[in-house]
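Reviewing the structure listed below.
By convention in this document, chain letters (A, B, ...) are assigned in the order of the sequence lines, proteins followed by strands, and residues within each chain are numbered from 1.
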Amino acid sequence: MPELPEVESARRTVEEGALDREIADVDDSDTWECRPHAPGEIRDALRGRRLVAARRRGKSMWCETSDDGPLLGLHLGMSGRILVTGPDGERTEGGDWLGGRYGGGAERSDRKPEWDRFTITFADGGSLRLFDKRRLGRVRLDPDLDRLGPDAQQVRVGEFRERVGRGTAPVKARLLDQSVVAGVGNLLADETLWQARLDPRRRVDTLDRDELTGLHRALRRATTAAIRRGGVHTGEVVAHRTPGGRCPRCGEEMQRATVGGRTTWWCPAEQV
DNA sequence: ACTCGTGTTAGCTG
DNA sequence: TCAGCTAACACGAG
């Protein structure tokens with residue numbers, strides 16, 4: 001499910017396939033996904049315009065629209081995908097990342113049209129859809145991006161140490177806080193902490209400068225690798241987050257607990 | 001039937 | 001006031 005790497009993939013899907021096409025119609029009738037907008041509000045704001053750029057910060061993405069139109073915010077939530085079809089109606093891009101609990105192998109059920117929560121129909125006959133089984137995604141005009149921290153892939157080491165090291169929360173909770181650094185989800189957090197050999201329960205006020213520096217390096221590396229390999233589920237330790245799973249470096253049995261409100265797996269021998 | 005979950009956030013607590 | 005935590009959100013999968 002979407003963390004920063006998957007959202008970056010969705011952003012590229014839009015950038016490569018959905019820009020500069022005239023918007024003929026918009027189905028924004030899913031009032032939950034499009035809240036707090038009333039039905040028709042997003043349609044009226046977009047019709048006749050074009051998407052002209054696709055941007056991303058952390059897990060949030062948005063499109064700029066032509067003629068000084070509003071920003072179109074798209075958040076994939078936990079199960080959202082962006083699907084773009086060309087003028088012939090065939091899928092050209094998107095929805096192709098695999099793996100995870102709701103990924104891969106579910107293509108047949110994935111076609112259910114009622115899981116299309118938001119659809120832009122272009123004048124050429126193609127479309128852009130937000131497909132979202134669990135309905136935890138969001139579509140909104142001019143989304144509030146001010147509360148997001150710097151993007152996890154772009155944040156510089158000094159700012160990272162300053163932001164992540166502040167407070168007393170467990171380091172994993174700090175990484176998951178989107179206002180601290182934007183883009184880290186549960187799997188990327190576990191992968192990063194494993195790469196950095198840090199115990200996810202460590203309070204950030206016990207981390208020294210070198211540990212924070214190493215954490216920053218691990219995060220950038222894990223994020224870049226996940227984007228390159230096609231998703232956060234390709235992380236080295238992710239497949240071992242399971243009962244009886246063993247650390248792929250040392251063979252110790254992985255430990256499980258809830259940290260920062262999320263299921264957390266780590267190697268008790270190496271992550272200290 | 002019942003629990004869990006790759007995300008976000010309102011609301012509670014110390 | 002604020003940092004930190006919990007429950008709730010919606011709903012499919014195991």
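Side-chain N/O atoms of A:Thr168 include one lying less than 4.0 angstrom from OP1 or OP2 on C:dG4. Between A:Lys133 and C:dA10 there is no side-chain N or O to OP1 or OP2 distance below 4.0 Å. Here A:His75 does not reach the OP1 or OP2 of B:dG7: none of its side-chain N or O atoms lies under 4.0 Å away.
Separating the CG atom of A:Asp132 from the P atom of B:dG7 is a distance of 13 Å, rounded to the nearest angstrom. Whole-Å rounding puts the A:Leu74 CG to B:dG7 C1' distance at 16 Å. In this entry the distance linking CZ of A:Arg140 with P of B:dG7 reads 19 Å, nearest Å. Summarising the geometry, the separation between CZ on A:Arg163 and P on C:dG4 is reported as 14 Å, rounded to the nearest angstrom. Distance CG (A:Asn186) to P (B:dG7): 6 Å, rounded to an integer number of Å. The separation between A:Leu176 atom CG and C:dG4 atom P is 13 Å, rounded to whole Å. Residue A:Asp144 contributes atom CG, which lies 11 Å from atom P of B:dA10 at whole-angstrom precision. The nearest whole Å value for the distance from the CZ atom in A:Arg135 to the P atom in B:dG5 is 23 Å.
Among the atoms of the strands shown, only primed sugar atoms or phosphate atoms (P, OP1, OP2) are found under 4.0 Å from some heavy atom of A:Pro170. Within the nucleic acid shown, A:Arg203 has no heavy atom closer than 4.0 Å to any nucleic acid atom.
Each of C:dA3, B:dG7, C:dC5 was ranked by its minimum atom distance to the side chain of A:Ala173; first place goes to C:dC5. For A:Ala169, whose side chain is taken as the heavy atoms from C-beta onward, the closest listed nucleotide among C:dC5, C:dC9, C:dG12 is C:dC5. The side chain of A:Thr263 lies closest to B:dG5, out of B:dG7, B:dG5, C:dG12.
Heavy-atom nearest nucleotides on DNA chain C were determined for A:Val204 and for A:Trp32, and the one closer to the 5' end corresponds to A:Val204. The residue among A:Gly77 and A:Arg147 whose nearest nucleotide of DNA chain B lies closer to the 5′ end is A:Gly77.
Within the 3.5 Å criterion, the main-chain N or O of A:Trp32 finds a donor-acceptor partner in the side chain of A:Arg35.
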Residue pair A:Arg161, A:Thr213: steps toward the side chain to side chain contact (heavy atoms under 4.5 Å, CB included) verdict: CA-CA 7 Å; A:Arg161 280 193 303 249; A:Thr213 302; 2.9 Å; yes

Audit row: A:Asp151, A:Arg57, salt bridge (charged side-chain N to carboxylate O under 4.0 Å, His left out) steps and yes/no: CA-CA 5 Å; A:Asp151 186 82; A:Arg57 184 150 151 207; over 6 Å; no

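Across all strands shown, B:dA10 forms a Watson-Crick or G-U wobble pair, both distances under 3.5 Å, with C:dT6.
Here, C:dA10 and B:dG11 have their P atoms 15 Å apart, quoted to the whole Å.
With a 4.5 Å cut-off on side-chain heavy atoms, A:Leu128 and A:Leu83 do not count as touching. Put simply, the side chain of A:Arg174 reaches to within 4.5 Å of the side chain of A:Arg166, judged on heavy atoms.
No hydrogens or angles were tested; on distance alone, a donor-acceptor pair under 3.5 Å links the side chain of A:Arg262 to the base of B:dG7. For B:dG7, its base never sits under 3.5 Å from the side chain of A:Arg134 at any donor and acceptor pair.
Using modelled atom types, one finds a donor on one side chain and an acceptor on the other under 3.5 Å when comparing A:Ser79 with A:Asp132.
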